[in-house]
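Worksheet: the structure to be examined is printed underneath.
What's counted below: heavy atoms across the whole structure, side chains too, no hydrogens, waters or symmetry copies. Note that the structure is predicted; figures quoted are calculated from it, not measured.
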Amino acid sequence: MTRILSVHSFRGGTGKSNLSANLAAAFAAKGLRVGVFDTDLASPGIHVLFGFTAGPDSHTLNDHLQGSIPIEKCSHDVTPASLAGGKGRIYLVPAAMDGDRIARLLREGYEVERLNDALFSLGQSQHLDLLIVDTHPGINEETLLSTAISDCLVMVMRPDQQDYLGTAVAIEVAQRLMVPEARLVVNKLPAHFDAEQVRARVAQSYGIPVGAILPLSDDLLTIASGSLALVDVPSHPWSAGVTQLAADLADALL
Amino acid sequence: MRSSDPPDAAGASAAAVPLALPDGPLSMGRLVALEPAALRQLLTMGLRAGLAEPDLDACCAAAAPSLGQAPEQLRARLQERGWLRWDPERQRWRTRLGTDRPPAPPQA
Ligand SMILES: Nc1ncnc2c1ncn2[C@@H]1O[C@H](COP(=O)(O)OP(=O)(O)O)[C@@H](O)[C@H]1O
Ligand SMILES: [Mg+2]
């Protein structure tokens with residue numbers, strides 16, 4: 001059965017999309033078949049990291065949620081060339097990028113139930129080992145659903161007071177929804193912070209395992225979501241942290 | 001509950017003031033606020049892989065007492081509200097979100 005990993009944060013800009021895409025690459029490098037859903041329908045973006053541009057005929061998650069296109073037709077193989085020789089694959093289900101479609105989705109809404117069915121259905125038909133759900137920040141019907149159905153919730157936060165408080169709220173909700181596994185990821189840690197001190201502090205405050213402490217990185221800012229750090233600069237400390245997190249998650253889930 | 005209360009008295013008082021099962025369709029916002037925890041667990045399991053017959057029985061048995069109902073009653077209520085339905089493809093009981101309910105029986 002496909003394992004579902006939701007990557008969430010209470011506030012925006014924490015690095016969810018960068019983490020989701022690079023985790024997918026790390027899993028694919030281990031030979032796993034991975035699906036990635038962009039459920040941030042109001043502000044989509046993870047497709048950029050995979051260098052994917054939707055053509056006029058390429059379907060998106062919106063076409064499934066607000067139309068009758070089967071989810072399989074909305075998924076696109078975005079496996080990086082450097083991994084294509086192996087068994088691992090990455091299938092991306094992007095969200096629509098044009099303003100009209102985004103506005104229509106926000107205006108008319110959709111049944112979150114369809115999102116649930118789509119995840120299970122793609123997992124089964126593509127024989128996926130893992131599905132990574134990149135989410136919209138905050139708590140709403142969709143993020144509650146992706147939290148409830150996940151086998152593991154990865155909460156991403158910055159070392160920031162607003163993030164500290166919001167993350168506590170999101171974790172409490174996850175506990176009410178009985179998520180079996182959770183990991184906390186602190187991203188964008190400034191160089192002058194003591195990583196071990198931060199690790200100890202968040203581990204104690206939230207009572208869930210710390211999956212990774214990832215540095216604030218000029219190199220990531222330079223990559224500017226244009227590609228996958230794991231592929232471009234695999235030995236960078238940020239990439240190394242994500243690779244280690246992927247190994248930990250694979251051990252816990254598969 | 002006072003620590004001096006014997007456990008069966010606590011059980012009786014929980015049954016005397018049963019938690020109410022809200023009316024209307026199920027949303028995630030509603031699910032996350034539901035009590036008791038056993039009912040939340042039942043519906044969360046139904047959202048994931050779904051529940052086999054024995055799982056549903058066990059979950060209803062665990063959740064029913066704090067709702068002041070018999071397990072079969074709770075099971076029937078969940079279906080009436082359209083929160084739970086049998087999925088013939090997966091052969092599982094699954095949680096149903098939203099307004100899409102089975103058609104109401106014709107009014108006499
Ligand atoms: N560790 C990091 N160091 C520096 N910049 C980062 C880091 N992680 C993410 N970013 C940058 O932060 C911005 C937001 O990242 P993104 O992954 O889109 O976050 P989210 O999906 O949570 O909104 C992007 O410009 C990205 O390049
Ligand atoms: Mg994002």
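- Across A:V173, A:N116, A:D151, A:I4, the residue that shares the most heavy-atom pairs under 4.5 angstrom with chain B is A:N116.
- For A:T143, no part sits under 4.5 Å from any heavy atom of chain B, backbone or side chain.
- The closest side-chain donor-acceptor pair between A:E72 and A:S121 falls under 3.5 angstrom.
- With a 6.0 Å cutoff to the six-membered ring centre and a 45° limit on the axis angle, A:R201 counts as a cation-pi contact of A:Y164.
- In this structure, B:E53 places its CD atom where more than 12 heavy-atom neighbours from other residues, nucleotides or ligands lie under 6.0 Å away.
- Put simply, the side chain of A:T2 does not reach to within 4.5 Å of the side chain of A:R33, judged on heavy atoms.
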Handout entry: Steps toward side-chain hydrogen bond (donor to acceptor under 3.5 Å, both in side chains) verdict (A:E142, A:Y110)
Key = CA-CA 10 Å; A:E142 288 96 325; A:Y110 66 93; 3.1 Å; yes

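- Only the backbone of B:A33 comes within contact range of chain A, with at least one heavy atom under 4.5 Å from a heavy atom of that chain.
- Rounded to the nearest 0.5 Å, atoms CE (A:M155) and NZ (A:K16) are 8.5 Å apart.
- Of residues 38-48 of chain B, those residues lying under 4.5 Å from chain A by any heavy-atom pair are B:R40, B:Q41, B:T44, B:L47, B:R48.
- To the nearest 0.5 Å, atom CG of residue A:N187 and atom CG of residue A:N18 are 8.0 Å apart.
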